[in-house]
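Below: the structure, in structure tokens.
Numbering of ligands and ligand atoms starts at 1, following listing order. Computed from heavy atoms alone, side chains included, the values below leave out hydrogens, waters and symmetry copies.
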Amino acid sequence: MRTSPSQKCGVPASLVRTQVAIVGAGPAGLMLAHLLSLDGIESVVIESRTRTYVEHRVRAGVLEQGSADLLDATGAGARMRSEGLVHHGIQLRFGGSDHRIDFGELTGGRGITVYGQQEIVKDLIALRLSAGHPILFEVSDVELHDIRSDQPSVSFLLDGASMSIDCDIVAGCDGFHGVSRDSIPAGVLTTYERDYPFAWLGILAGIAPSSEELIYCYHERGFALLSMRSPTVGRLYLQVPADERIGDWPDARIWEELQARLAAAGWSLAEGPVTEKGISAMRSFVVEPMQFGRLFLSGDAAHIVPPTGAKGMNLALRDVSVLAEAVAAFYAAGDTRLLDEYSANCLRRVWRAQHFSWWMTSMLHRFPDHDAYQAQLQRAQLAYTVDSRAASTSLAENYVGYEWATT
Ligand code: RFL
Ligand code: PHB
């Protein structure tokens, strides 16, 4: 007999009601489900892709200090602690030289952890399924209903059969292309956005990384980034034109371009087999407010940043921490104040990350309409950023995750 996705994930066939319906099993949806379960709050996660797909989707790699602490504090950090790489600085490379931004010194010992997003997704899925809580993979035709009321529901197809979940709260954690944001009536949301005239070509390669720390490289030919996933797996990126096709980039061309941009005296870039490659568009995007009635948007469903600041997944994890606390207050005492303030409580951090990501992107990339004057401004900004302690500190405290002094 064929096993349905629901049986594979231990969902009772009769399931029709839960407290929180979560749309999307990315970092936001899975972390929200995890945080709610720690508070004894029931949820059902629905996901349009297969489990294998979401566990192998290569994306983010950098966790802010606060995100790593959150995984640790909630019992989801064991593998991150043993396999993740803790870094206390990054290199800015321009004019063929490296300039270190020392996070440890500039932020009182804070740092980042390099650990793949899909590993966090694997860890959170394993935790949830081993506790017997449901995730429904491969759902389709997802629709949200009655989100204006206090009895919303989510309908979808699972294994070809119609299903509907009644709930108190819907969490839209379905990413930039999901259905949740579009379920909010026209005219409610204000959208802020910026497109960039370039994209990132990213590869995974079976090589020992040629640097202990990430290298953000400004070059006349365009931006390049050296990152990593483990002592034997490198992750590298190249700025390419927005409409570039991956088919035009055989491995040899990618290495040649990486070698040209990353070249520095006394340093060499190791090459190895490319195991994965793809091109990602760059965009800045925010909708306000991040809620409507009983629907709450979290992560990429509400905002997108260009990856230069390594902020997207970190923002997604922060949003759901704020939401989980608000949902817990709602169930503990029927108090809707934190739910009402959810959007406002997220947006200050969201806009800080928007500005930082835009700023890093503007400083490090070549823009097609830039003239020699603009390029000199970028070099002046880079030189100041690495020379001035105040400017280095600003970069460092944003990169590891800015913590507001005022509440
Ligand atoms: P996700 O990860 O997109 O997850 C959304 C999930 O919802 C599912 N879905 C649906 N499910 C049910 N019904 C529907 N109708 C659905 N529609 C969609 C999707 O299949 C998916 O599983 O959103 P989430 O959870 O908000 O997480 C956001 C992060 O994925 C994203 O911000 C980061 O990857 C951004 N990012 C980085 N962030 C960092 O914090 N640090 C980094 O180092 C970093 N590097 C990056 C990045 C993003 C990149 N790309 C791909 C643009 C590097 C790159 C190249
Ligand atoms: C990554 O390792 O995938 C990565 C690192 C830093 C960024 C973006 C992506 O800014």
Side-chain angles (χ1 to χ4, degrees), residues 21-33 45-51 53-55 57-64 66-67 85 87 90 112-118 120-121 124-125 135-144 154-158 171-183 199-204 209 213-216 223 225-230 233-238 276-283 285 297-320 353 356-357 360-361 364 399 401:
I22 301 176
V23 187
L30 291 166
M31 180 50 97
L32 177 63
V45 181
I46 61 169
E47 164 60 49
S48 54
R49 302 288 193 157
T50 65
R51 178 176 177 182
Y53 183 90
V54 298
E55 288 188 341
R57 184 167 42 196
V58 179
R59 279 184 160 185
V62 172
L63 285 169
E64 294 175 350
S67 301
L85 309 168
H87 288 185
I90 54 166
I112 54 162
T113 303
V114 180
Y115 186 62
Q117 174 169 326
Q118 76 272 30
I120 296 174
V121 165
L124 290 170
I125 289 176
I135 306 176
L136 309 184
F137 290 100
E138 296 179 74
V139 303
S140 60
D141 295 16
V142 176
E143 286 180 28
L144 313 190
V154 181
S155 67
F156 52 92
L157 293 180
L158 176 66
C173 302
D174 46 353
F176 184 67
H177 299 288
V179 297
S180 297
R181 192 177 61 248
D182 289 343
S183 307
W200 275 17
L201 186 163
I203 62 164
L204 275 182
E213 295 180 332
L214 274 66
I215 302 174
Y216 284 80
F223 171 73
L225 171 63
L226 182 149
S227 181
M228 61 213 64
R229 286 293 176 271
S230 75
V233 178
R235 176 83 168 140
L236 297 112
Y237 295 99
L238 283 171
E276 224 265 355
K277 62 179 165 182
I279 293 182
S280 316
M282 313 256 296
R283 180 182 286 118
F285 175 90
L297 302 176
S298 297
D300 280 14
H303 41 73
I304 297 276
V305 282
T308 328
K311 286 282 159 263
M313 176 176 59
N314 292 293
L315 279 181
L317 296 175
R318 291 299 184 124
D319 286 353
V320 295
F356 179 66
S357 304
M360 286 282 279
T361 303
L364 287 162
Y399 199 95

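Of all protein heavy atoms, the one closest to atom 4 (O) of ligand 1 is Gly26 CA, 3.5 Å. The single protein non-hydrogen atom nearest to atom 6 (C) of ligand 2 is Tyr216 OH, 3.2 Å, given as residue, atom name and distance. Nearest protein heavy-atom neighbour of atom 8 (C) of ligand 2: Pro307 O, 3.4 Å. Protein heavy atom at the shortest distance from atom 47 (C) of ligand 1 is Ala60 CA, 3.7 Å. Looking from atom 4 (C) of ligand 2 to the surrounding protein, the closest heavy atom is Tyr237 CE1, 3.8 Å. Nearest to atom 25 (O) of ligand 1 among the protein's heavy atoms is Ala28 N, 2.9 Å. Protein heavy atom nearest atom 2 (O) of ligand 2, with residue, atom name and distance: Ser227 OG, 2.6 Å. Nearest protein neighbour of atom 1 (P) of ligand 1, counting heavy atoms only, is Arg59 NH1, 3.4 Å. In terms of protein heavy atoms, atom 31 (C) of ligand 1 is closest to Asp300 OD2, 3.3 Å. Annotation: atom 39 (C) of ligand 1 to nearest protein heavy atom, Met313 N, 3.2 Å. From the protein, the heavy atom lying nearest to atom 27 (O) of ligand 1 is Pro27 CD, 3.5 Å.
Between Gln117 and ligand 1, at least one pair of N/O atoms sits closer than 3.5 Å. For Val62, a nitrogen or oxygen atom sits less than 3.5 Å from a nitrogen or oxygen atom of ligand 1, counting backbone and side chain alike. At least one N or O atom of Gly61 sits closer than 3.5 Å to an N or O atom of ligand 1. Geometrically, ligand 1 and Val142 share no nitrogen or oxygen pair separated by less than 3.5 Å. For the pair Gly29 and ligand 1, the shortest N or O to N or O distance does not fall below 3.5 Å. Considering backbone and side-chain atoms together, Asn314 places an N or O closer than 3.5 Å to an N or O of ligand 1. The shortest N or O to N or O distance between Glu47 and ligand 1 is below 3.5 Å. At least one N or O atom of Ser48, backbone or side chain, sits closer than 3.5 Å to an N or O atom of ligand 1. Note: no N/O pair closer than 3.5 Å links Gly175 and ligand 1 by distance alone.
Contacts between Tyr237 and ligand 1, counted as non-hydrogen atom pairs separated by less than 4.0 Å, involve the side chain only. Contacts between Trp200 and ligand 2, counted as non-hydrogen atom pairs separated by less than 4.0 Å, involve the side chain only. At a heavy-atom cutoff of 4.0 Å, ligand 2 is contacted by the backbone of Arg59 but not by its side chain. With a heavy-atom cut-off of 4.0 Å, Leu63 does not touch ligand 1 at all.
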side-chain contact (heavy atoms from CB on, under 4.5 Å) between Glu213 and Ile90, worked out
CA-CA 5 Å; Glu213 295 180 332; Ile90 54 166; 5.6 Å; no
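Here is the list of ligand 2 atoms found below 4.0 Å of a heavy atom in Leu214: 5 (C), 6 (C). Each of the following atoms of ligand 1 lies closer than 4.0 Å to a heavy atom of Val179: 15 (N). Annotation for ligand 1: atoms under 4.0 Å from non-hydrogen atoms of Gly299 are 26 (O).
The salt bridge (Lys or Arg N to Asp or Glu O under 4.0 Å) search around Glu55 returns Arg51, not counting sequence neighbours. Every residue two or more places apart in sequence or in another chain that forms a side-chain contact (heavy atoms from CB on, under 4.5 Å) with Arg59 is listed here: Arg57, Gln117, Asp300.
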